[in-house]
Structure formats: structure tokens, C-alpha cells
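Report on one structure; see the data block that follows.
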There are 2 protein chains.
Amino acid sequence: MPDSEYRDIRKLDLFAQMADDNFTSLMRGAYVQNFPAQIELITEGEPSDFLHIVISGSVDLFSTWNGRETSMATVRPISTFILAATIKDAPYLMSARTLEKSRIALIPSQDVRAIFDADSNFARAIVTELAQCYRSVIKAQKDLKLRTSLERLANYLLRQQRHAGGGAAFELDFEKRRLASVLGMTPENLSRAFKGLQPYGVSVTGTRITIDSQADLERFARPNPLIDDFST
Amino acid sequence: MPDSEYRDIRKLDLFAQMADDNFTSLMRGAYVQNFPAQIELITEGEPSDFLHIVISGSVDLFSTWNGRETSMATVRPISTFILAATIKDAPYLMSARTLEKSRIALIPSQDVRAIFDADSNFARAIVTELAQCYRSVIKAQKDLKLRTSLERLANYLLRQQRHAGGGAAFELDFEKRRLASVLGMTPENLSRAFKGLQPYGVSVTGTRITIDSQADLERFARPNPLIDDFST
DNA sequence: CAAATCAATTGATATATGTCAACCCGTCGG
DNA sequence: CCGACGGGTTGACATATATCAATTGATTTG
């Protein structure tokens, strides 16, 4: 692993405070691999052998049941995924596939659990991380249960806009079909939902979104920090 | 606080392994109160001043947005709620109200965070608890996104049946209107969904459910441990 | 006991969302 | 250049779900 990557991983909240030799020992057991696009990294139901870290590229977390499939989240650099399964030594609840060419570090779950037992700074960081993840999923669930698909899209656009810097125009960072799945709708419906937001000043050209009338869209979307603010 | 309650709380996974004096010190700062039914214990958006423990009775966790409301979960004795907000010192994402006369212990969040920093056994227990909570919400989200309301009801009945001991007949432990909200549908639709399960051998009298043909219902519901098994 | 509630149910209807088929329009490879 | 392919869009239609209004039945309350 190149030194720059090593340092980038070290800087993650999860690893920043742990003892040097514990971090070194975690990294010694780690693999780093480059994967092409559309590779299934893990499959739900399998034992959680590795904690994964996305170093570059992006990874889709998805689940299936009875022939249906839904996107649960997208992981972008630099962050970990499947932490809860690793800690609990329980089967993965989600599958993961690369969306593009991606570089992934794999840390044996056994090592993570061992260091977790030995390093209380690491344990504390894991708590914070898990609490954050938990709250994110609760927000996602509120989004799903309390809003219509049009409202979910409107609020997604506002979040994405803020994430992109706040300007009136910005790019979607998803393929539309995956965005549809993340938002819990079909691609056809997403298409119609974009049209349904035109009266509120939203225009779409490919993956480029323009919000002509911020106030109108916000009046319709009614964004709420307890659902839409990822930082708290 | 009576000794029996003190010991029951001590036995919770969350507190079982921590040092004696740390537990004692946590409990010294705790309040225990009896609340009547339908009291709002906490309101979403407020700072998380206390970790709550349900000693008896039951508590509904719910959220609201734009005039709508949805039940997120029900907490039954003996367990804690609002752990993630306490740990992160962040606002509550859900409100809580008593469903019936309930006895609740309140531990100042500040104390929980202080002991969390001092007692690594406690910190580890929190990690396990949070990982468990996280995985439960992921399962709930898969349930919501991958299944129709009829399928959610069918699988809920199978879970509840198992929870009640596995016999063909058992009681719902919810008011139907709350069950509807938990399952993400309207009470009217729940009524119709029960009728929709009759062909699979489900009959309902008040809160009593009878499953005449286990195999038929399971063939329809297709329960899956990665969604329906709460223990993993 | 009678009136008042309230949860549950039912039917009629409206709305939201999914499905299917067709088409458009870029991109890629022969 | 052409054709195949895949994502995206559109329209027609089917299904799922919500809403509204009315009724029932059980429970509470004066």
C-alpha cells in the first residue's frame, strides 16, 4: 500500500485516535486490491470476513428478496462499509458491488475485533461511527415512510445541491436508474417525478440539474434537519 | 429504586460487564418515574438529556413531518432507547410516548458519556448494542423497500407467531392502528390486508390471530433471516 | 342505563406507483 | 458507416395504496 493511502486511511475518524502499533498491525494484515466496475465484492448472507474501505471509485450497497433488488446506499472514498457485521461477527445484510473501477482495502474482521478489544480509543471511534450510521438509516427510514416519491426526490435534490456547493446548477452523482432505486421508485417514475418538479423550477438536462427557483422548491420540499441533515 | 429493578437493569447486556462502581455511579444519578399512558416522554429535535430505560409498560417511538406521523418502533421492558443520540450528544431523531402506564428510568446523558469514556467494558457493550440496533433498522428498511404491504403483514405475523411461542394461535401485541403505522400503511389498508391473507389460512378475531395453514402462509410470505430474524 | 367515544371495518372513489411496450438517442465496435 | 446495445423517456394501462364517508361494536363515562 502506498504511503499516501496509508496516511489517508489513518486520517479516517475511525482510525485517527488509535495507538500507532495497533493501526500498523491492522494494516499489516490488510489487502488492497483494484477491482473493475460491476464486480460483486460481497454477497448478503455470507459471513463477514473483512471490513472494507473504499480508497477510490465507488461501491453500491444493495439488497435482494424474492427476485427484487433495491439500492440501500452508495459508498464513496474514503470510508468504510459493513462495520456492524464485522463487529457482531454476523452475516452481511447487504451485498456490495463496484460501480466503477475501484480500489478497496480489506481488513480481516478477526483483526478488527481483536484490536477493538485491545484499543479503547478504537472502540470509542467505532461507537461514534456506528451511532452515526444508525442515525443515517433512521433518517432514511423517516424519508421513506413520511414522504411521497416526489417529496423524496425534491429533498434529495436539495441535499445534493448543498453537497455540490449550493449553486443553482449541479450534477447528479448517480446514474438515474440507481437514484430511482435509492429513492425507492422505478426509473419510469423518476422520469415523471422530474417533470412533476418542473412547476417548482427544476430543470434537467442529462445528469445536470438546475434549480431556477430555490424558494419554490424548498416551499414544496420542506427539508428538515432531522431527516435531511447528514452531519448530525 | 427497588433492589429487584436495580438488578434487572444490571442484567441488561448494556450494563452486565461494566465495573461495579461505574454502574453504581450511573444509577446514583438516575431518576425513576411512573408515567400514565399517552405521555410524550421526549420530542424529536430536542437535545438528548437522558438515556431512557423502560422498566415496565411500553413506549412508542414515532416521527412526524409535514403534519404526518409514523410509528418507528415499540420499546418493551427491559430495554433502553435513544442510545445513539445520547452517545453522539445530538438531537433526538424520534419522539417517544408511553402506550400504557409505564415505569421509566432516566440516566443523564452526560453521565453515560462520562462512564463510556472511563469504562471500556461499557464502551464495548455499547458498540454491540448499537451494531444490533443498526442492523435492525437495515432489516426494517429492506422490509419496507422490497415488500408490498401484504407481504410485510404476512411476515410480521410469522415473526410475531414465533415470538409468541410458535403455536397456531397468538395475540397481536399492538393496537391495530399502530401496527398499521409500523408496517407503513393506513388502518383501512391493514383491515383489507388481513382479508387478503385469508386465502393463505389467516383468520382474525379482535387481536387474536390464527394461522390455519402454516405452509401456505410461509409459501406466500417467504420469510428471510436477513430481514426477519431479529437475533442476528 | 344511556350517551359519548373511539377503534375497527367497509364501500366508493381518488391518487400514487408499478408494469409493459414502444421509441429515442447517445455510444461502441465491427 | 452501420447496427447493436443500453439508458432514458413516454404513453397506456394495471395495480397498490390512500382518502373519505358511513357504519358497527366495544368501552368508557356521566
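Within every chain, numbering begins at 1; the chains are lettered A, B, ... in the order of the sequence lines, protein sequences first and strands thereafter.
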Mind listing the N/O atom pairs, protein and nucleotides 13-19 of chain D, below 3.5 Å?
unit_1, atom_1, unit_2, atom_2, d
D:dT17, OP1, B:Ser149, N, 3.3
D:dT17, OP2, B:Ser149, OG, 2.8
D:dA18, OP2, B:Thr186, N, 3.3
D:dA18, OP2, B:Asn189, ND2, 2.8
D:dT19, O4, B:Arg192, NH1, 3.2
D:dT19, O4, B:Arg192, NH2, 3.4

Tabulate protein N/O versus nucleotide N/O from nucleotides 6-8 of chain D, keeping only pairs under 3.5 Å, one per line.
unit_1, atom_1, unit_2, atom_2, d
D:dG8, OP1, A:Lys176, N, 3.0
D:dG8, OP2, A:Arg177, N, 3.1

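Side-chain polar atoms of B:Gln161 and B:Gln214 form a donor-acceptor pair below 3.5 angstrom. If you check the side chains of A:Glu44 and A:Ser63, you find a donor sitting under 3.5 Å from an acceptor. Between the side chains of A:Asp49 and A:Ser109, no donor N or O sits under 3.5 Å from an acceptor N or O.
Ring-plane geometry between A:Phe50 and A:Tyr31 is classed as perpendicular, the angle between the planes exceeding 60 degrees on a 0 to 90 degree scale with a lower cut at 30.
For D:dT10, the OP1/OP2 oxygens have a side-chain nitrogen or oxygen of A:Lys195 closer than 4.0 Å.
For B:Arg68 and C:dA16, the CZ to P distance is 10 Å, given to the nearest whole Å. The distance from atom CG of A:Leu190 to atom P of D:dT10 is 12 Å, rounded to the nearest whole Å. To the nearest angstrom, C1' of C:dG18 lies 14 Å from CD of B:Glu151.
Residues that satisfy the ring-ring contact (aromatic ring centres under 6.0 Å, His included) test with B:Phe81, not counting sequence neighbours, are B:His52. When the side-chain hydrogen bond (donor to acceptor under 3.5 Å, both in side chains) test is applied to A:Thr70, the partners found at least two apart in sequence or on another chain are B:Lys145. Legend: residues meeting side-chain hydrogen bond (donor to acceptor under 3.5 Å, both in side chains) with A:Ser149, ordered by chain and number and at least two apart, are absent.
Between A:Asp143 and A:Lys139 there is no salt bridge, since none of the side-chain N atoms of the basic residue sits less than 4.0 Å from a carboxylate O of the acidic one.
Residues B:Asp212 and B:Ser203 share a closest heavy-atom pair of OD2-OG, 3.7 Å.
The bend of the helix from C:dC1-D:dG30 to C:dG30-D:dC1, defined by the angle between the axes of its first five and last five pairs, stands at 30° to the nearest 10°.
Checked against A:Pro223 for a side chain to side chain contact (heavy atoms under 4.5 Å, CB included), the options A:Asp229, A:Leu158, A:Leu157, A:Leu217 give a single hit: A:Leu158.
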